[in-house]
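In what follows, a structure is listed as structure tokens, so that the remarks can point back to it.
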Number of protein chains: 2
Amino acid sequence: MTDRVRVAPARRRGLAGEVADRIRDAIFSGAYPPGAQLREVELSGELDVSRGPVREALLLLEREGLVRSAWHRGATVTRFAPEDIAELDSLRDVLEQLAVRRVIAHAAPEDLAAIDAAVERMDRAGSEHEMVRCDIAFHDAVYAAARHRRLLEAWQAIRSQVHLFLLTRTGLSSADYLAHVAKEHRGLAAALRARDTRRALALFADHRRHAFDALSDTGDGTDGPPAYEP
Amino acid sequence: MTDRVRVAPARRRGLAGEVADRIRDAIFSGAYPPGAQLREVELSGELDVSRGPVREALLLLEREGLVRSAWHRGATVTRFAPEDIAELDSLRDVLEQLAVRRVIAHAAPEDLAAIDAAVERMDRAGSEHEMVRCDIAFHDAVYAAARHRRLLEAWQAIRSQVHLFLLTRTGLSSADYLAHVAKEHRGLAAALRARDTRRALALFADHRRHAFDALSDTGDGTDGPPAYEP
DNA sequence: CAATGTCCTAATGTTAACATTCAGACAATG
DNA sequence: CATTGTCTGAATGTTAACATTAGGACATTG
């Protein structure tokens, strides 16, 4: 019945998917900084496709929160204010808690193996850019292991924003930073494998705090620190 | 009463938004039952627009989870299996917890007034269809009061699915059921107004359980009851 | 008779031309 | 000199024709 265990069978996604990938990469590479206008004719000329797929791709990117668009005013790369960062943090918080619980409750061995593989790949990350990609890939693996389609979609709706945030957060010393991040993720994977819910939740919370504390101040008077006490 | 109380400013969304509204209503009305094919030419003929806006509207509806589409295979109305219902329940769980905390932490008086207004409107609900609309509108107000853009978007990504589920869940005796639901929501609003986090979380959890317990069994061997114990 | 290969049709994917709308420049006016 | 009104140009929104593909019907063959 539900033997569709293929995680990524969407090999052929059509032109729009390809276009979305290329635009996303262009944004990550800094070619289109936050606030920049994404003109349809410009993009269609650059990517050598017509405006149809470009239009569809922009809708896809809007779904990911990378792009904001208004009627007859076109699309622009999303700009992140301090409150946006706080929003990403708090939403990631609850989503990841659910993900961790689901992974521990019922994850297949192959899912845990995929998570471990993602951790292993971190050791070979040379640049900070690459490490961010690995970081995101690790969390992808966790959400995939949760086996919760709508949770995965909710993560994908903020995934690229988190990616962009981690990139623009001009970084720490890349020397021991890379090693530190890798070690941290090893701990996350170990907690999941041990099915230690309490420890896993705590470690994931620490991990998020480390990522978001890179900002000197959140500057959000209404929100305060990203801490939630029951 | 005020007819056009547009909370969000009457943003011009273009034809695609209108088309999406009409298709969504058609799905809710049962014109397109779950699993039905949504053919672009058929829709464009029926709604008297060309295929462009229809195509864009289908992407919008896919974002809401009302529609699934595959490459060169078109779009179909989403079919809900028991595991889908469980997914909606568990995701709603964590999203609403965050929403409740945010509302209690920092909601403007006008937000609370809007929630109360939504509750009042429930008393005038005649049919079950209308009550479901009011129910969704109440939760809309709660998420709006949370003042958390991405949380609102996450809710909107499952909102229509919850709406459809509440409709297809062929219902209880509409006589005292309507009164019961209205009373329940009055309690939710009161807890929010009293800023009683503990009580609000408990009541919201009960509310979800009541909605989802209408099904005799979840039939999901892997998930069990929608209970999460720390 | 079952299996398989080819063809055909009906749908979606893509393109390019046409219509509409917004934002800024520039001039006229108080 | 500030303000307002119109105008223009460039972008998006919309439409219709063209190309491509998936799935099934039918005949062929072992």
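To find a chain, count down the sequence lines: A is the first, B the second, and so on, and within it residues start at 1.
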**Item:** Point-to-point distance, once rounded to the nearest 0.5 Å, from CD of B/E64 to CD1 of B/I27
**Value:**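 Atom-to-atom, B/E64:CD and B/I27:CD1 are 9.0 Å apart.
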**Request:** Would you tell me if any nitrogen or oxygen in the side chain of A/R55 comes within less than 4.0 Å of OP1 or OP2 on D/dG13?
**Result:** yes
**Asked** Any side-chain N or O of B/R73 under 4.0 Å from OP1/OP2 of D/dG23?
**Response** yes
Rounded to the Å, how far apart are [X] [atom1] and [N] [atom2]?
| X | N | atom1 | atom2 | value |
| --- | --- | --- | --- | --- |
| A/W71 | C/dA23 | CH2 | P | 11 Å |
| B/R51 | C/dA16 | CZ | P | 16 Å |
| A/L15 | D/dT21 | CG | P | 11 Å |
| A/E40 | C/dT15 | CD | C1' | 14 Å |
| B/D48 | D/dT14 | CG | C1' | 13 Å |
| A/L59 | D/dG13 | CG | C1' | 12 Å |
| A/E56 | D/dT14 | CD | P | 15 Å |
| B/L47 | D/dT15 | CG | C1' | 15 Å |

Restricting to non-hydrogen atoms, name the atom on [X] and the atom on [Y] that form the minimum distance, rounded to 0.1 Å.
| X | Y | value |
| --- | --- | --- |
| A/H106 | A/R147 | O-CG, 4.5 Å |
| B/F138 | B/M122 | CB-CE, 4.3 Å |
| A/L166 | A/A211 | CD2-CB, 4.2 Å |

**Message:** Checking contacts here: which listed nucleotide (D/dG13, C/dA23, C/dG13) is nearest the side-chain heavy atoms of A/H72?
**Reply:**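 It is D/dG13.
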**Prompt:** Hey, what's the ring geometry for B/Y143 with B/W155, parallel, tilted or perpendicular (30° and 60° as the breaks)?
**Reply:** parallel
**Most 5' of B/E42 and A/V49 on DNA chain C, judged by nearest nucleotide** = B/E42
**Message:** Can you work out whether B/R39 or A/P53 has the more 5'-proximal nearest nucleotide on DNA chain C?
**Reply:**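 Final value for this comparison: B/R39.
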**Item:** Sugar-phosphate, base or nothing in reach of B/L38, heavy atoms under 4.0 Å
**Value:**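 Sugar-phosphate contact only - B/L38 comes under 4.0 Å of backbone atoms but never of a base.
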**Message:** What's A/G52 touching, base or sugar-phosphate or nothing? Going by heavy atoms closer than 4.0 Å.
**Reply:**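 Base, at least one base atom sits under 4.0 Å.
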